[in-house]
Amino acid sequence: MDKQKLCIITGPTAAGKTRLSIEFARKIGGEIISADSMQVYKYMDIGTDKIKPENMGGVRHHLIDFLDPNEDFNVFTFQKLAKEAVSDISSRGHIPVIVGGTGFYIQAVLYDIDFTETDEDDSYRRLLEERVQKEGVHNIYEELMKVDPASCEIIHENNAKRVIRALEYYKKTGKPISEHNLTQRQKESSYDFKYFVLTDRRDILYSRIDKRVDLMIEEGLEDEVRKLAAMDIPRTATSMQGLGYREMLSYIDGECDLERAVYLIKRNTRHFAKRQLTWFKRERDVIWLDKNEYDHDDQKILKEMLKYYEE
RNA sequence: GGACUUGUAGCUCAAAUGGUAGAGCGUGGGACUGAAACUCCCUGUGAGGCGGUUCGAUACCGUCCGAGUCUA
């Protein structure tokens, strides 16, 4: 049986994925699955730069704007929903196009990474978090050293989050996560995929980010965040970790002035774009599309993408 | 015009009784496999110019240039 076709359009934030993806999807008869950890949330439109229905050009979108900001969202959930969407789309004879900047999410779907090993119980994680609060990471790092020294080679001691997860994994499965990761890494994709990474010169990217943040402020980001705050969404919620939301909340709570908040949003977004690029650089079988090499002309890029697609 | 302060890494600033200097932030690079817009790691030879004193000056002296504060 032939492999299922799948396209991916990703790249750092503000590279111009959204607009391009609409044209591309229309050309190939595709439907879009958003791979964005924040655009899943309702009431978070400005800060996530969520596409407006009138800009969708008739292309159907999945995994966007459906979750309450109080709810948690993570890779596993995304993977499950995305796989459902993929089969739904292909069952109707369309091509699934994954669009978004969360590389981890894309990987989870593309290589069908196995996350099914554990239950929902996170009491152990909570316990470890508390211990880190009180004792620092060192002690639990030592514990990880005993059960999974290979992970200690990879995870830096200061990276409490990853140390906790490694211990949690061991506790729940009796196996080291390092071993699991190793086998997952070997996987071949079961899709016939084209993985496009849209990018641009760094300075252009950065100035686009700055402009976009200014625009968000003009469009009323503050108001959007105030409304969320009024909905009693805790600052620790996954949704409130989103860029722009975190910083705005600290401004609203009087921890800094607006100017500072805006500066931080811009800076953190730049850092984020950099991290995204690092991620895509080490992904296999990626097709880089540097806008700079196509005179920043979407039509030229689109032509190139279609060429790859026909292959 | 006079008095004073000041000129150290892209930015904000340290330190060293004269023995060639660090921090934070930015920048750049990297990791990442149920939190990922998360979390974490690595990354800095740079003293305004010219003279002088000295074995040796970014530090002392002179001078020029730039910045700031006060003042007739």
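A note on names: the letters A, B, ... follow the listed sequences, proteins ahead of strands, and every chain is numbered from 1. Computed from a predicted structure; not experimentally measured.
Side-chain contact annotation: A/Asn74 with A/Thr77, donor-acceptor N/O pair under 3.5 Å present. Side chains of A/Asp148 and A/Ser178: a donor-acceptor N/O pair is present below 3.5 angstrom, by distance only. Judged by distance alone, the side chains of A/Asn268 and A/Glu247 do bring a donor and an acceptor atom under 3.5 Å apart.
For the P atom pair drawn from B/C50 and B/G46, the interatomic distance equals 16 Å after rounding to whole Å. Rounded to whole Å, the P atom of B/C11 lies 13 Å from the corresponding atom of B/G48. Look at the C1' atom in both B/A9 and B/G68: the space between them is 23 Å, to the nearest Å. Annotation: B/G62 and B/U5 have their P atoms spaced 12 Å apart (nearest Å). For B/C42 and B/C64, the C1' atoms lie 43 Å apart once the distance is rounded to whole Å. B/A67 and B/U8: their C1' atoms are spaced 15 Å apart (whole Å). Spacing of P atoms, B/G24 relative to B/U63, comes out at 39 Å, to the nearest Å. Annotation: B/A16 and B/G7 have their P atoms spaced 15 Å apart (nearest Å).
Geometrically, A/Arg201 does not engage A/Tyr206 in a cation-pi contact defined by less than 6.0 Å to the ring centre and at most 45° from the axis. A cation-pi contact, defined as under 6.0 Å to the ring centre and within 45° of the axis, links A/Lys171 to A/Tyr124. Taking the ring centre of A/Phe272 as origin, the terminal cationic atom of A/Lys274 falls outside the region bounded by 6.0 Å and 45° from the ring axis.
In this entry the distance linking CZ of A/Arg246 with P of B/A37 reads 11 Å, nearest Å. The CZ atom of A/Phe104 sits 10 Å away from the P atom of B/A37 (whole-angstrom rounding). One atom, CD1 of A/Ile106, and another, P of B/A36, lie 14 Å apart when rounded to the nearest Å. Here the P atom of nucleotide B/A35 and the CD atom of A/Gln79 are 12 Å apart, to the nearest Å. We find that CD of A/Glu283 is positioned 14 Å from P of B/G30, with the value rounded to whole Å. Separating the CZ atom of A/Phe280 from the C1' atom of B/G30 is a distance of 16 Å, rounded to the nearest angstrom. Separating the CD atom of A/Glu168 from the P atom of B/U39 is a distance of 17 Å, rounded to the nearest angstrom. One atom, CG of A/Asn159, and another, C1' of B/U33, lie 14 Å apart when rounded to the nearest Å.
Residues from residues 223-244 of chain A that place a heavy atom under 4.0 Å from any atom of RNA chain B, listed by number: A/Thr238, A/Gln241, A/Gly242, A/Leu243. Against RNA chain B, the stretch residues 178-192 of chain A makes heavy-atom approaches under 4.0 Å through A/His180, A/Asn181, A/Gln184, A/Arg185. Of the residues in residues 125-151 of chain A, those with a non-hydrogen atom less than 4.0 angstrom from any atom of RNA chain B are A/Arg125, A/Glu129.
Partner of A/Ile64 under the side-chain contact (heavy atoms from CB on, under 4.5 Å) criterion, chosen from A/Ile32, A/Ile51, A/Val99, A/Val40: A/Ile51.
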Strand RNA chain B in bracket notation, Watson-Crick/G-U under 3.5 Å with | for pairs to another chain: (((((((..((((.....[..))))..((((.......)))).....(((((..]....)))))))))))).
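Nucleic acid contact for A/Tyr105: sugar-phosphate only, since backbone atoms but no base atoms lie under 4.0 Å from a heavy atom of the residue. The residue A/Gly103 sits apart from the nucleic acid: no heavy atom pair falls under 4.0 Å. No contact: A/Ile155 has no heavy atom under 4.0 Å from any strand. Here A/Thr102 lies in heavy-atom contact (under 4.0 Å) with sugar-phosphate atoms only. Across all strands shown, A/Tyr111 has no heavy atoms under 4.0 Å from either base or sugar-phosphate atoms. Among the protein residues, A/Asp114 comes within range of no part of the nucleic acid, since none of its heavy atoms lies under 4.0 Å from any strand. Using a 4.0 Å heavy-atom criterion, one finds that A/Thr13 contacts no nucleic acid atom at all.
Of the charged side-chain nitrogens involved, at least one lies within less than 4.0 Å of a carboxylate oxygen, so that A/Arg235 and A/Asp253 count as a salt-bridged pair. Looking at A/Lys291 and A/Asp297, no side-chain N of the basic residue comes within less than 4.0 Å of a carboxylate O on the acidic one, giving no salt bridge. Under a 4.0 Å N-O distance rule, the pair A/Lys50/A/Asp45 qualifies as a salt bridge. Salt bridge status for A/Arg131 with A/Glu135: present, with a side-chain N to carboxylate O gap under 4.0 Å.
Checking A/Asn158 against A/Gln107, the closest nucleotide of RNA chain B that is more toward the 5' end is the one next to A/Gln107.
Evaluation of A/Phe115 against the base of B/G34 yields no stacking contact (centre distance < 5.5 Å, interplanar angle < 30° required).
Relative orientation of the A/Phe280 and A/Tyr195 rings is perpendicular, given thresholds of 30° and 60° on the angle between their planes.
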Base-contact (B) and sugar-phosphate-only (S) positions in nucleotides 23-29 of chain B, heavy-atom cut-off under 4.0 Å, - elsewhere: --SSSSB
Worked verdict on A/Glu224 versus A/Tyr245 for side-chain hydrogen bond (donor to acceptor under 3.5 Å, both in side chains): CA-CA 9 Å; A/Glu224 180 168 287; A/Tyr245 295 89; 2.5 Å; yes
A/Glu31 vs A/His62, side-chain hydrogen bond (donor to acceptor under 3.5 Å, both in side chains): CA-CA, chis, key distance, verdict: CA-CA 8 Å; A/Glu31 289 183 21; A/His62 304 256; 2.7 Å; yes
From CA spacing to verdict: side-chain hydrogen bond (donor to acceptor under 3.5 Å, both in side chains), A/Ser90, A/Gln4: CA-CA 8 Å; A/Ser90 38; A/Gln4 163 69 46; 3.2 Å; yes
Worked check of salt bridge (Lys or Arg N to Asp or Glu O under 4.0 Å) between A/Lys187 and A/Asp114: CA-CA 10 Å; A/Lys187 280 190 167 176; A/Asp114 178 22; over 6 Å; no
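Among the nucleotides B/A36, B/C40, B/G34, the one closest to the side chain of A/His156 is B/C40.
Residue pairs meeting the side-chain hydrogen bond (donor to acceptor under 3.5 Å, both in side chains) criterion with at least one partner in residues 5-14 of chain A, sequence neighbours excluded, are A/Thr13-A/Arg212.
Linking ILVMFWY residues whenever their side-chain heavy atoms come closer than 4.5 Å, directly or via other members, leaves A/Ile33 and A/Ile9 in distinct clusters. Cluster annotation: A/Leu249 is connected to A/Ile217 through the hydrophobic network of ILVMFWY side chains, with a link wherever side-chain heavy atoms come within less than 4.5 Å.
Neither OP1 nor OP2 of B/A31 sits under 4.0 Å from any side-chain N or O of A/Arg275. Phosphate proximity of B/U33 to A/Arg162: present, with a side-chain N or O under 4.0 Å from OP1 or OP2.
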